[in-house]
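Down below is the structure, laid out as structure tokens.
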Amino acid sequence: MPSYVLVVESDPVLARRINETLGEANYLLSTEAELTWARRTMAVRPPDALILDTTLSDGSGFALADEVRRNPATARIPIFFVASTHRGASHQAEAQRRFAPAEYLSTPLDTDRLLARLLETVPPSEPPEAPAVANYPGAAAADSEQKREKRAVETTAKHFVEGEAEMHGTLARQPFARIVQRAYSGRLSGALLLSRGETKKIVSFEDGYPVSVRSNMLSECLGQILLEQRLISEETLEDSLRRMKETHQHQGQVLVAMGVLSPYNLSRALMLQMESKLLEIFSWTSGEFMFKKGMSRQDAPMRLERTPAALILEGIRRHYDAERIYSVLQPFSGKYLTPNPDPRRRLQDITAEANERRFIDGLDGTVKLEAALASSPIPIDRARLLLVAMSEAGMITPTQAPPRGEADELRRTPRPVDLGSASVLTGERSREELVALLEVMRVQSHFEVLGVEREATPAEIADAYDALARDFHPDLFRLRGEDVRDVAQHIFERLEQAFQVLRDSGSRRDYLIELESTPLPAGSDAQAARASESAATAAERVYFTGVSHLRGRRYPQAAEAFRQATTLAPMQASYRSALGWALYRQAPADTHAMAAGLAELRRAVETEPGNPWVRISLGRFYAETGLPDDAIREFEAALGMSPGLADIEEEIRRLRGVT
């Protein structure tokens, strides 16, 4: 029996990251977002380990931890706290005293560290086989919604023969993975019909991303998914089927009403059901396909969350046999694994697993297939499947020689993999922050856009570009609204524009000549003024976004926004002062956070020494961190600039112990 881990996390984005990371290690996972349902789930089946958010929408995670420790049946379960609040050292010490957790981690969460500690404490077993359910009802378990879906698919399939098709052919000549890759590369929107015998499936795409799938196979039931995930028992399934016939409700509604399935796990199961419909297509080695642009899709209750590359990787892991693996890798034999020059394809988000990311990062075009497998940081079988998926997703191509140009310059040291805060925060930035950043990038030079000096080497330019392009890759914004996706796409394109000019020595030389020959008088002054005005406006917009985060106690997001504001307006002391407080508030008991916050507050005073308000801010920081003499000094300096501030005078008296 595989090790069973219950994840109780209120943040759906973080819950998905945790599940993706732990799923790679073959744990059996269950997830709840609410305290009430977490209690029910634990009562049905106590987990081998509990990952627990400190604050849930309907109560405290500490309350659940207390119940776990008081119950003899669960008292020895390892608890891994994820502190979205209560991040200070005093909170951690209190949790250690009361609950003896296996780990106490703060957000932004380092999922690598969580996985490492979990592996030490509760080693996983071999990946479980899908349960063979005796006398599984199959199509009999289909509810009215699934039957409507079957009819809709068969009706829609009849209309595909009308008009021109963007793509069509056989799966024997073009596997499903490559069709997905073609749709992604072309940013196609429309519907893909796949048929094999009597089976028909329709996959809907938006801007190159698969968003939903419908099938005429009634056997692809919700009940099967729930059984495979061990979220319900066979007895519960039979009971739900009986109630479905009596009430004519959907199976998910029946299970929630029975109290055996939480709304959160229902939505998760529905997502897994839709994914399984799509992933099953990767097993097809025959059949026909046809893609029609602009075909309207029926609104699905949810959309697929994984990127095309991640879906391709999972489909290959599940359904490619040795013969298909060999056929994909055979053209790479003795060849160099060269990243696709198209950054949208090269930098796709294919995996969240740290060692797999490190393996991918080492494929810079200077390593042959055999050497890459021999030096892989992951098992060779996994590395081989990952390379198959990267090839099918268009991330790498085989070449006879390393990329042309300065080979030594192109051989870059792999970057440390950051699976945590940076990418997540980038993908969660508000539209206002992104618009502000884009406005500034439009008036910056190519060097400023990439954050490199004019003397930067080709390797430094490539590293800077890759880091920024990963942060603003369309895959990170795929689940956001169209308005946000559009701005992020423009940022990605602006980065690409800068890189294409600076990567080539000839175009870079011409660009430098153009920069140096641009006249500086009136016209340039006007352009500089416009740039300055744009930067100031953008910085102010980002600053107020940070203020909103700060008020909501979202300190990491606040710090990120204030850091952007200081980059856009480095001489604005109030922005730097706010950054200092946000850095400190993330972990008040952490000496590093305190030092970082103090450094920014001091820089704010250095920037505007005559500003009484930044001195007051620094003084309050000193007062809160136990430095009353330094606080009094800053308060008195502020009063010298702006006399009559009664609250500051009162603060000085309090610090001196004068009543």
Side-chain angles (χ1 to χ4, degrees), residues 1-11 13-35 37-56 59-128 230 352-355 417 419-421 424 556 586-587 589-590 592:
M1 180 66 69
S3 299
Y4 167 50
V5 179
L6 174 60
V7 180
V8 184
E9 172 56 56
S10 59
D11 180 350
V13 176
L14 182 54
R16 185 168 64 248
R17 283 182 55 217
I18 293 172
N19 275 275
E20 287 175 352
T21 302
L22 303 191
E24 297 289 344
N26 300 322
Y27 286 104
L28 179 62
L29 300 170
S30 181
T31 307
E32 297 292 355
E34 298 174 353
L35 179 61
W37 280 100
R39 286 173 174 146
R40 293 188 188 182
T41 300
M42 290 196 68
V44 172
R45 180 182 177 186
D48 297 307
L50 174 64
I51 297 173
L52 182 58
D53 190 353
T54 53
T55 302
L56 302 167
S60 167
F62 297 123
L64 180 61
D66 188 60
E67 295 170 16
V68 169
R69 289 290 179 254
R70 289 177 182 274
N71 184 346
T74 60
R76 300 178 68 84
I77 291 175
I79 299 176
F80 297 79
F81 280 112
V82 176
S84 56
T85 60
H86 305 86
R87 290 189 285 254
S90 60
H91 297 119
Q92 183 171 352
E94 178 67 8
Q96 290 286 355
R97 183 186 67 80
R98 293 177 59 194
F99 311 116
E103 188 59 273
Y104 194 98
L105 301 171
S106 297
T107 56
L109 180 64
D110 183 346
T111 52
D112 278 352
R113 181 177 171 186
L114 171 63
L115 176 59
R117 290 291 291 118
L118 187 64
L119 288 169
E120 292 173 6
T121 311
V122 185
S125 61
E126 290 300 311
R230 292 177 171 82
E353 204 280 320
N355 285 326
V417 177
L419 298 178
S421 58
V424 173
Q586 288 186 76
D590 187 328
H592 296 292

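Atom CG of L118 and atom CD of E103 lie 11.0 Å apart (nearest 0.5 Å). L115 contributes atom CG, which lies 10.0 Å from atom CD of E120 (distance to the nearest 0.5 angstrom). Here the CG atom belonging to L114 is positioned 4.5 Å from the CD1 atom belonging to I51, to the nearest 0.5 angstrom. Taken from CG in D48 to CG in L28, the straight-line distance is 9.0 Å, to the nearest 0.5 Å. With values rounded to the nearest 0.5 angstrom, L50 atom CG is found 11.5 Å from F99 atom CZ. In this structure, CG in L22 is found 8.5 Å from OG1 in T111, a value given to the nearest 0.5 Å.
In this structure, the side chain of R70 does not engage the main chain of A75 through any donor-acceptor pair within 3.5 Å. T74 places a side-chain N or O within donor-acceptor distance of the main-chain N or O of V68, the cut-off being under 3.5 Å. Remark: side-chain polar atoms of R17 are paired, donor with acceptor, to backbone N or O of L109 under 3.5 angstrom. Between the side chain of E9 and the backbone N or O of D11 there is at least one donor-acceptor pair closer than 3.5 Å. In terms of modelled atom types and a separation under 3.5 Å, the side chain of R117 and the main chain of A102 share a donor-acceptor contact. No donor-acceptor distance shorter than 3.5 angstrom exists from the side chain of D66 to the backbone of F62, with no hydrogens or angles considered.
Contact record, P47 with Y4: CA-CD2, 3.3 Å, taken as the closest heavy-atom pair. The minimum heavy-atom distance linking G59 with L35 is given by the pair CA-CD2, 4.0 Å. Between L6 and T41, the shortest heavy-atom distance links the atoms CD1-CG2, 4.0 Å. Closest heavy-atom contact between T107 and S84: OG1-CA, 3.5 Å. Pairing each heavy atom of L119 with each of P124, the nearest pair is CD2-CD, 3.5 Å. Residues V5 and Y27 share a closest heavy-atom pair of CG2-CD2, 3.7 Å.
Here the side chains of R16 and N19 are not in contact, with every heavy-atom distance at 4.5 Å or above. The shortest distance between side-chain heavy atoms of T54 and Y104 falls below 4.5 Å. Counting only heavy atoms from C-beta outward, the side chains of I77 and M42 approach each other to under 4.5 Å. Residues I79 and R69 meet the side-chain proximity criterion, which asks for heavy atoms closer than 4.5 Å.
Ring centroid separation for the pair F81 and H86 does not come in under the 6.0 Å cut-off.
Salt bridge status for R97 with E94: present, with a side-chain N to carboxylate O gap under 4.0 Å.
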